[in-house]
There are 2 protein chains.
Amino acid sequence: MEEQHSRHPYDLDEETLFLVSQTFKALSDPTRIRILNLLFQREHSVNEIAESLDLRQSTVSHQLRFLKNLRLVKYRREGTTLYYSYEDEHVMNMLKQTIEHSSHS
Amino acid sequence: MEEQHSRHPYDLDEETLFLVSQTFKALSDPTRIRILNLLFQREHSVNEIAESLDLRQSTVSHQLRFLKNLRLVKYRREGTTLYYSYEDEHVMNMLKQTIEHSSHS
DNA sequence: TTCATATATGAATATATAAGCATATATCGA
DNA sequence: TCGATATATGCTTATATATTCATATATGAA
């Protein structure tokens, strides 16, 4: 049986809470931020990301999976190479705004 | 001596990266989201928050300290009671947008 | 089919962090 | 000063998570 939480009328339901927290969690890690920031410019392959940011291939791949699960990025295949690009405009706008908000403060 | 990272021209500097990640980290925890969501309405004392959200007083106090350090909340004192309210409009707008974006999807 | 390259994945580990308990501190009134 | 109430803090523990290594999988070319 599911545990019952009787929430305050102004409290959020569990599903919304989960979605919101996951979205912000995606943007809370420096490595993921750097990856998404790179994707502002243009699509990049996994290796390009790893080289540009000086990260291991497996690290990049793990983080891309995380972002893919949240539909924040997508990819297209060309031979053995996967080109990743961002998929969620709303989230990317938040990221851009917050970077600007933070960099000249 | 500080370690030198030579970053890609499109990469973010360390200070910005830290600020951005901290900001989103604040919004990545369900408890902190619920607290901030409550503060949309009006200021609340620590105990009011704890009761409304069915959380321990120490839990609320710990999280408020976190939010206070990032200047996302402020408080005013009235006797022994501290009334907390939000302080950062930009962050609260992001939160509100993302909640709306997530709740009817 | 075999090789080379690009990417993904599983397991292990180190670190970060949220929550809880117990207790300290602060303010006010008597 | 003492008691009551509100909040903060230190410590501990359980859990989550980022990274790494080693290896698996997938694609295309020879």
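To find a chain, count down the sequence lines: A is the first, B the second, and so on, and within it residues start at 1. Computed from heavy atoms alone, side chains included, the values below leave out hydrogens, waters and symmetry copies. Quick caveat: nothing in here was measured; it's all calculated off a predicted structure.
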Taking the side chain of A/Arg56 as its heavy atoms from C-beta onward, which of C/dT27, C/dA19, D/dT20 lies nearest to it?
-> D/dT20
5'-most by nearest nucleotide on DNA chain D - A/Arg32 or A/Glu78 | A/Arg32
Looking at the side chain of A/Thr59, which of D/dT20, D/dA6, D/dG10 is the nearest nucleotide?
-> D/dT20
When you look at OH of B/Tyr75, are more than 12 heavy atoms from neighbouring residues, nucleotides or ligands closer to it than 6.0 Å?
-> no
Out of curiosity, A/Glu48 CD to A/Tyr83 OH, how far, rounded to the nearest 0.5 Å?
-> 5.5 Å
Could you check whether B/Phe66 gets within reach of a base, just the sugar-phosphate, or nothing at all, counting any heavy atom under 4.0 Å?
-> nothing
For D/dT9, take OP1 and OP2 only and decide whether either is under 4.0 Å from a side-chain N or O of B/Arg65.
-> yes
Of the nucleotides D/dT7, C/dA11, C/dT7, which one has an atom closest to the side chain of A/His62?
-> C/dA11
For the side chain of A/Asn47, counting heavy atoms from C-beta on, which of C/dT7, D/dT19, D/dC11 is nearest?
-> C/dT7
Would you say C/dA19 has OP1 or OP2 under 4.0 Å from some side-chain N or O of B/Gln63?
-> yes
Testing C/dA8, D/dT9, D/dA8 for proximity to the side chain of B/Ser58, the answer is D/dT9
C/dG20, C/dT17, C/dA18: which one has an atom nearest the side-chain heavy atoms of B/Lys25?
-> C/dT17
Could you check which of C/dA8, D/dA8, C/dA18 has an atom nearest any side-chain atom of A/Leu82?
-> C/dA8
Using only side-chain N and O atoms of B/Thr80, determine if any of them is under 4.0 Å from OP1 or OP2 of D/dA4.
-> no
Reckon A/Ser61 touches a base, only the sugar-phosphate, or nothing at all at heavy-atom distances under 4.0 Å?
-> base
Between C/dA19, D/dT9, C/dT7, which nucleotide gets closest to the side-chain atoms of B/Asp29?
-> C/dA19
Report, as yes or no, whether the 6.0 Å neighbourhood of atom CZ on A/Phe40 holds more than 12 heavy atoms from other residues, nucleotides or ligands.
-> yes
